[in-house]
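Source: prediction; values computed, not measured. When a ligand or atom number is given, it counts from 1 through the structure's own listing order.
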Amino acid sequence: MRTLVVLPTYNEADNIGEVLRRLRKAVPAADILVVDDASPDGTAAIVRAIAAEFAGVDVLIWAGKLGLGSAYWDGFIDGLRRGYQVLVEMDGDLSHDPAALPRLLRAVDGGADLAVGSRYIPGGSIPHWSVCRRALSRWGNRYARWVLNLPVADATSGFRAYHADIVAKLDLPSIQSDGYGFQIEMAYRVARVGGGIVEVPIEFVDRERGTSKMSARIIVEALLLVTWWGVRDRPRWRGSDRRDLGPIGGSRAVE
Ligand SMILES: Nc1nc2c(ncn2[C@@H]2O[C@H](COP(=O)(O)OP(=O)(O)OP(=O)(O)O)[C@@H](O)[C@H]2O)c(=O)[nH]1
Ligand SMILES: [Mg+2]
């Protein structure tokens with residue numbers, strides 16, 4: 001299936017070259033679109049230089065920092081327009097190992113609408129995180145799963161492959177969130193339109209170079225939005241059955 005890997009970047013000059021080279025090795029047939037928010041460290045220039053060497057690598061450059069959600073949104077719209085059948089999301093800081101991508105693609109090839117690289121199913125791991133960060137992520141995910149009745153153990157994971165047909169049904173222009181909220185919102189929308197979600201175990205390693213763009217604002221945004229969606233979509237506060245919420249796709253884990 002024709003695949004486009006969308007890589008959002010903001011100041012990833014120290015990582016992007018290696019990400020692109022490892023991706024090319026892991027999935028030689030996939031095209032790559034880097035969506036860069038005018039990184040001051042020259043990330044886009046590095047991508048351009050590599051694009052001259054490798055066919056199928058492109059970069060979209062925006063005038064300023066518009067956020068992760070907006071970068072994915074633009075990358076997906078571009079991918080849909082150009083007729084790709086699979087759209088991949090992946091961080092550009094080497095936290096997501098390109099070598100794991102073929103397993104996600106196999107899951108989509110096998111019929112999944114969304115394959116999520118999951119840290120929270122057997123076989124998944126985060127070797128370097130502190131107890132605090134692990135607890136925040138784990139409980140954030142449990143909260144989202146409970147409030148939204150979402151059949152995903154790792155809804156904040158940013159390593160995913162979508163079948164393009166499901167992305168086309170998600171009404172991307174109305175997406176409200178950025179950061180972790182964006183990942184949860186996309187998974188929730190897939191479930192609501194009846195898409196099948198499969199989780200594939202991944203190891204998430206901490207970035208070794210560059211700085212994190214994660215912030216308290218992104219965490220609070222995700223928490224508030226999840227709570228709001230849960231309230232908004234609950235048909236009647238009292239006496240409602242969670243199964244009334246509408247079509248929810250099933251989820252299963254694969255090795
Ligand atoms: N285009 C674009 N990319 C972004 C923006 N913010 C983050 N990114 C990219 O999104 C990916 C994930 O961001 P990170 O800062 O690594 O966030 P994280 O993985 O949640 O946090 P860490 O584990 O601390 O690295 C990286 O490739 C970033 O360069 C943004 O505003 N615009
Ligand atoms: Mg990261």
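Of all protein heavy atoms, the one lying nearest to atom 4 (C) of ligand 1 is Y10 CB, 3.8 Å. Ranking protein heavy atoms by distance to atom 10 (O) of ligand 1, first place goes to L68 CD1, 3.1 Å. Closest protein heavy atom to atom 13 (O) of ligand 1: R207 NH2, 4.4 Å. Protein heavy atom at the shortest distance from atom 31 (O) of ligand 1 is K65 NZ, 2.8 Å. Nearest protein heavy-atom contact of atom 9 (C) of ligand 1 is P8 O, 3.4 Å. Distance from atom 32 (N) of ligand 1 to its nearest protein heavy atom, with residue and atom name: D37 OD2, 2.8 Å.
A 4.5 Å side-chain heavy-atom check between L7 and L23 finds at least one atom pair inside the cut-off. Residues V19 and E12 have side chains not in contact (no heavy-atom distance under 4.5 Å, counting atoms from C-beta outward). Side-chain contact between I32 and D58 is absent, with no heavy-atom pair separated by less than 4.5 Å. The closest side-chain heavy-atom distance from S95 to M90 is not below 4.5 Å. Within the 4.5 Å cutoff, no side-chain heavy atoms of F182 are placed close to those of S70. For the pair H96 and E89, the minimum side-chain heavy-atom distance is 4.5 Å or more.
Residue-ligand proximity: Q183 is placed with every non-hydrogen atom at 4.0 Å or more from ligand 1. Proximity of W62 to ligand 1 is not established, as no heavy-atom distance is less than 4.0 Å. Contact between G67 and ligand 1 is present, with at least one heavy atom of the residue lying under 4.0 Å from the ligand.
Look at R82 and D78 and you find a salt bridge, because one of the NZ, NE, NH1 or NH2 atoms lies within 4.0 Å of a carboxylate O, short of that distance. Using a 4.0 Å cut-off between charged side-chain N and carboxylate O, E18 and R209 make a salt bridge. Salt bridge present: D93 and R207 bring a charged side-chain N and a carboxylate O closer than 4.0 Å. Using a cutoff of 4.0 Å between basic side-chain nitrogens and carboxylate oxygens, D233 and R192 are scored as salt-bridged. Residues D97 and R22 are paired through a salt bridge, judged by an N-O separation under 4.0 Å between the basic side chain and the carboxylate.
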Show, in sequence, the C-alpha distance, side-chain angles and deciding distance for D41 and Y10, and conclude whether the side chain to side chain donor-acceptor pair (under 3.5 Å) test is met.
CA-CA 8 Å; D41 72 350; Y10 191 74; over 6 Å; no
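Here is the list of ligand 1 atoms found below 4.0 Å of a heavy atom in E12: 26 (C), 27 (O), 28 (C), 29 (O). Ligand 1 places these atoms under 4.0 Å from at least one heavy atom of Y180: 20 (O). Distances below 4.0 Å separate heavy atoms of T9 from the following atoms of ligand 1: 1 (N), 2 (C), 3 (N), 29 (O). In summary, the atoms of ligand 1 found under 4.0 Å from a heavy atom of D93, numbered by their order in the structure, are 16 (O), 19 (O), 25 (O).
Only backbone heavy atoms of V35 (N, CA, C or O) come within less than 4.0 Å of ligand 1; its side chain stays farther off. If you look at K213 next to ligand 1, the close heavy atoms, those under 4.0 Å, come from the backbone and the side chain alike. By the criterion of a heavy-atom distance under 4.0 Å, the side chain of R133, and not its backbone, is placed next to ligand 1. At a 4.0 Å heavy-atom cut-off, ligand 1 touches A71 through the side chain alone.
The heavy atom nearest to atom 24 (O) of ligand 1, considering only G64, S215, S157, S212, is found in S212. When the options G92, G75, A38, G158 are ranked by their closest heavy atom to atom 27 (O) of ligand 1, first place goes to G92.
Between Y162 and F76, the two ring planes are perpendicular [angle over 60°; tilted spans 30° to 60°].
Ligand 1 has a nitrogen or oxygen under 3.5 angstrom from a nitrogen or oxygen of D91.
In summary, an N, O or S atom of D93 is located under 2.8 Å from the Mg ion (ligand 2).
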